[in-house]
Every structure is written in structure tokens, then in C-alpha cells.
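Just so we're clear, the structure is a prediction, and the values are computed from it rather than from any experiment.
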Amino acid sequence: RLIWGNTDAMTFAHQPAPSSGELVVRLTSWSNTQAWTRAGLMLRDGTAANARNFALFATPSNGLFVSRRDSTNGATTRYGTVTPTPSLSNLWMRLVWG
């Protein structure tokens, strides 16, 4: 599965979001299956594989980062990396928009 490039192939839970809001999640545990395995929060402009999006991700080996796709079927860009990777057994993540 891939969350990158012009289209995404991933598993996710989703629900409609208001025009402004806040999401807060606590990552209690997960398996380090690959260095770029991701857990996090994503706002999407729909469920299509090529939808515009903004995301906050944690990875087991490559830290925290933000990514976004500014246009439908556009390229995905990654911003910043925090190293060392924070604990993956009790990580709080918060995404605010509006």
C-alpha cells in the first residue's frame, strides 16, 4: 500500500468533516513492518485515490512528517522529518483546520 505520488492505495477509516475542526488521536501501539509504514491523521477532499489531502504521519524509522497534495491528481509533497522517532507506544497527534 502506498500513500504518495499522484494516487494513494491505503486502508483508512473516514467520515465527513466540517469546514473547521480538530482531530486528536493517541497511537498506543503498532508493528514496525517497514521503515515508511505510517500511522496518522489525514484530511481529504473525498475518498478517490487522487484526492487533494493534508496529512500528519508517524513512521517507525523516519520520524514524524507532514505531507500534502494540493490538487486532484497532483504530486504529493513531504515536509520535514523529526528524528529521532518518538515513542510509538504512546504518541498523541493533533490536527486542527479551519
Side-chain angles (χ1 to χ4, degrees):
R1 307 249 177 210
L2 183 64
I3 305 169
W4 198 247
N6 296 21
T7 60
D8 305 319
M10 63 188 169
T11 302
F12 61 94
H14 66 92
Q15 64 184 38
S19 59
S20 64
E22 172 183 72
L23 285 172
V24 178
V25 297
R26 179 179 172 207
L27 182 62
T28 57
S29 67
W30 66 330
S31 298
N32 181 352
T33 57
Q34 198 266 349
W36 284 101
T37 296
R38 299 166 197 182
L41 299 167
M42 178 184 279
L43 293 174
R44 293 182 69 85
D45 188 25
T47 57
N50 63 352
R52 296 181 311 137
N53 65 67
F54 180 89
L56 170 62
F57 290 119
T59 69
S61 301
N62 294 295
L64 298 170
F65 70 92
V66 168
S67 72
R68 73 181 197 202
R69 180 180 301 126
D70 291 332
S71 61
T72 301
N73 205 38
T76 300
T77 305
R78 184 179 74 226
Y79 298 92
T81 301
V82 176
T83 27
T85 299
S87 169
L88 299 178
S89 61
N90 191 24
L91 176 65
W92 286 91
M93 300 175 85
R94 178 178 178 218
L95 187 57
V96 179
W97 70 96

- Which heavy atom of A51 sits nearest a heavy atom of G46, and at what distance? CB-O, 3.7 Å
- Task: List the atom of S20, the atom of G98, and the distance in Å for their closest heavy-atom pair.
- Result: CB-CA, 3.4 Å
- Message: In the structure I gave you, are the side-chain heavy atoms of L56 and F65 within less than 4.5 Å of one another anywhere?
- Response: no
- Query: Any side-chain heavy atom of L23 within less than 4.5 Å of one from R94?
  - Reply: no
- Message: Quick check: do E22 and L95 have side-chain heavy atoms less than 4.5 Å from each other?
- Response: no
- In chain order, what residues pass the side-chain hydrogen bond (donor to acceptor under 3.5 Å, both in side chains) check against Q34, with sequence neighbours excluded? none
- Message: When you compare the side chain of N50 with that of N6, does any pair of heavy atoms fall below 4.5 Å?
- Response: no
- Is it true that a side-chain atom of S67 and a backbone atom of R78 form a donor plus acceptor pair closer than 3.5 Å? no
- Message: With rounding to the nearest 0.5 angstrom, report the CG to CG distance, L91 to L64.
- Response: 6.0 Å
- Rounded to the nearest 0.5 angstrom, the CG-CH2 distance for N62 and W36 is 4.0 Å
- Between W97 (side chain) and P18 (backbone), is there a donor-acceptor pair under 3.5 Å? yes
- Message: With heavy-atom distances below 4.5 Å as the criterion, would you say the side chains of T59 and T37 are in contact?
- Response: no
- Mind checking the CZ-CZ spacing from R38 to F12? Nearest 0.5 Å is all I need. 14.5 Å
- To the nearest 0.5 Å, tell me how far R44 CZ sits from R52 CZ. 11.0 Å
- Which atom pair, heavy atoms only, marks the closest approach of M42 to I3? CE-CG2, 3.7 Å
- Query: Ion pair present between D45 and R69, side-chain N to carboxylate O less than 4.0 angstrom?
  - Reply: no
- Distance only, no hydrogens: is a donor on one side chain within 3.5 Å (strictly under) of an acceptor on the other, for N53 and R68? no
- Show the numbers, then the answer: is there a side-chain contact (heavy atoms from CB on, under 4.5 Å) between V25 and W92? CA-CA 6 Å; V25 297; W92 286 91; over 6 Å; no
